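Reviewing the structure listed below.
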Amino acid sequence: LTALKAIYPQWFGDQSRWWYEDWYKMIEEYPAGYQAKAYMPSNEINKIFADECVKLFSKQITPEKAYDELAAKIVPIKIDE
């Protein structure tokens with residue numbers, strides 16, 4: 001954890017609290033309500049999701065735009081197991 005604080009100081013402290021507050025607000029307002037099925041290729045999808053979350057939580061895009069971007073990027077490569 002100390003190494004991460006040194007490399008990414010912006011991830012820690014009061015300046016990162018907004019991320020957690022927005023995340024919890026979002027999952028309370030839009031609960032999934034189900035267990036997700038396994039999917040492939042998970043590494044690529046996880047990267048797409050993470051990138052869009054950064055844009056969303058830094059207020060570069062709206063939740064609606066994030067959803068549209070996620071769907072446009074993930075649906076074509078997703079393979080249900």
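Remember, predicted model here, so these are calculated numbers, not experimental data.
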Shortest non-hydrogen pair, Pro76 vs Ala71, comes out as CD-O, 3.8 Å

Does atom NZ of Lys55 have more than 12 heavy-atom neighbours from other groups under 6.0 Å away? yes

Are the side chains of Lys73 and Glu52 in contact, using a 4.5 Å heavy-atom criterion?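 They are in contact (side-chain heavy atoms under 4.5 Å apart), so the answer is yes.
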
Heavy-atom side-chain contact between Asp51 and Lys47 under 4.5 Å: yes

State the CG-CD1 distance between Asp68 and Ile61, to the nearest 0.5 angstrom. 9.5 Å

Could you give the distance from CD1 (Ile45) to CD1 (Ile77), rounded to the nearest 0.5 Å?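 Answer rounded to 0.5 Å: 5.0 Å.
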
Are Phe49 and Leu56 grouped together when hydrophobic residues (ILVMFWY) are joined by side-chain heavy atoms under 4.5 angstrom apart?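 Looking at the clustering, Leu56 is in the same group as Phe49.
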
